[in-house]
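Proteins get letters first, then strands, A, B, ... in listed order; numbering begins at 1 in each. Everything quoted here is computed from the prediction, not taken from an experiment.
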Amino acid sequence: MNFGYLIVVAEHDSVDYLQLAYGLALSIKNTQQQGYDRVAIVIDDKTKIEKLTSPWVFDHVIEWSQETFWDGRSWMDQLTPFDHTVCLDADMLFVQDHSHWIDYFIDNSELYVANQVFTYRGDTVSDRSYRKAFDKNNLPDLYSMWTFFNKDSQMAKEFFDLGRSIIKNPIEFSNTFLHQHKPKVLGTDEAFALSADILGITDEIAYALDFPRIVHMKPMLQKWPWPADTWSDHVGFYLNKKGQLKIGNYQQYDIIHYVEKDKINKEMINNLEEIAWKL
Amino acid sequence: MTRGILIYAHNNRTVDYALMAIISGGLAKKNLQVPVSLITDISTVEWMKESNIFNHATDIFEHIITVDRPATANQRHLNDGQTGQMVPFINTNRNTACDLTPYDRTLLIDSDFFVLSNSLGEYWDIDIDVMLGDAINDIYNDSRTGYLDRHVSDTGVKMYWATTVMFSKNSNAKLFFDTVNYIKENYSQFADVFRFDPRQFRNDIAFSIAKHILDGYRQTDIGSLPPVLSALDKDILHGVNGNTLTFLVDYKFTNSYCAAAISDIDVHIMNKQSVIRHKQALLELI
């Protein structure tokens, strides 16, 4: 089995995406079983990795600068060094082992995209504040932050090829397919959803499963009785020296998409490093 | 394995909780076909004797267990339809239920919870050590219940309702009730962490947080009794006709009333004075 996680980072003025990816890679090393814990990073300059305290958490470093910012993720199928890959957003954390699920996907799926997310309290997200383009245009509710694919899959190739075309030609695709509600930015989620819809493969790549369970920390999703701009104004984020994470009064057991990029600070990185060094 | 029901009743100068417990205990005993015991205090027993209801109590309760009257600074505004008043609320000793119950498996109910069906009888044999009322179900509809009827705070944990609690007398339940006691004794500190209003001790909050902690600081689907159907204290119990109870429901909280009726279903009646007004008809149901 040649499986691994892929993280694509981009240069950004105010966010150190490499630090986020480093935190995520550490959390994968700390929680996933051997053989299910390999991580590849795609970055524009390999030398940046050498400045990390533990650059070995990245099993593969792929230097690539063809695209900017998040557009790079749509090239995941061509960038991955693995036969079977889960591509993740950088602002995520693992807190427990999910390795057994990877076997399921390798055995049963060529391509699978996360299609439901949860609040920090474990409730299924029902708020649609951020998904108007999906609802108005009847797009499948895909979350590209967790995408599994088999590199040899023809279906995955067609899906990613079309996704790239959509991202490259947002106006044309919006005018043709998203006329009920044109998103301000046609991002990877919208591109993947539209690609799946056009190819008619939604039922094959986004059927109901108990995994992945991803806690999505966009503030309006949290089912609070008032609107919120910033979730950390309202609940705390506590990552302890064992790598256990509490958000508010809730211990987290699922994959966390923490959204606010400043949540992974140097102290938390240090906690994760110390765990990794003792493995 | 012995089964039974447990009710706490400590009278204050306004509400005759002992009489409520007699009605509640009698209905539970009749409809669930198990014995009932009362936890009370000497002054409440003296009141029962003075008001000639002690013979009812001895008929209904298998054990009348007297304990020290818990000290409390709890005050609560209790409505009786359109009127209301502040009354002392002596309810801070529920954490002793596991130690005091004479039964192996106990259904602990509030004295204003009236068992008119056998639905809770289906839970005696479930192998879960502590189970709590899952939620409140308003007798009118959801429009009268708010976020803080479902959560202990805006960002905090799910609110269970300690109106109904079923537990086994074992070490796990003992741990649960000890945790409730710890939360009670450190209520302000827990209010800081769990963000609830600490001014009045609420069993519902202490029990909900104890469950949350012992479930691993997460919400689970395990350990729920049916939601507690509730008539709020702005509602008025209007009549008792066999197993049918009729209510006047203040459906918008604007002193505008509509009629409602329930039959053969358990109900939590928060307007205690309206229960007292129908004591004769309710006692006849037993």
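- At a 4.5 Å heavy-atom cutoff, the contact between B/Phe194 and chain A is made by backbone and side-chain atoms alike.
- Among A/Gln251, A/Gln222, A/Gln252, the residue making the largest number of heavy-atom pairs under 4.5 Å with chain B is A/Gln251.
- Proximity of A/Asp123 to B/Gln219: side-chain heavy atoms (C-beta onward) are separated by under 4.5 Å at one or more points.
- Closest non-hydrogen pair, A/Tyr250 versus B/Gly156, comes out as OH-O, 3.7 Å.
- The shortest heavy-atom contact between A/Trp224 and B/Asp154 is CD1-O, 3.4 Å.
- For A/Asp203, the CG atom sits in a loose shell: 12 or fewer heavy atoms of surrounding residues, nucleotides or ligands are nearer than 6.0 Å.
- Put simply, CG on A/Asn249 and OG1 on B/Thr155 are 6.5 Å apart, with the number rounded to the nearest 0.5 Å.
- Between A/Pro225 and B/Tyr147, the shortest heavy-atom distance links the atoms CD-CZ, 3.4 Å.
- Of the possible polar contacts, none joining the B/Arg195 side chain to the A/Gly248 backbone as a donor-acceptor pair under 3.5 Å is found.
- Atom CG of B/Asp142 is surrounded by 12 or fewer heavy atoms from other residues, nucleotides or ligands within 6.0 Å.
- Counting non-hydrogen atoms of other residues, nucleotides and ligands closer than 6.0 Å to CG of B/Asp99 gives a total above 12.
- Heavy atoms from other residues, nucleotides or ligands lying under 6.0 Å from OH of B/Tyr257 number more than 12.
- A 6.0 Å sphere centred on CZ of B/Arg199 holds no more than 12 heavy atoms belonging to other residues, nucleotides or ligands.
- More than 12 heavy atoms of other residues, nucleotides or ligands sit less than 6.0 Å from atom CG of A/Leu279.
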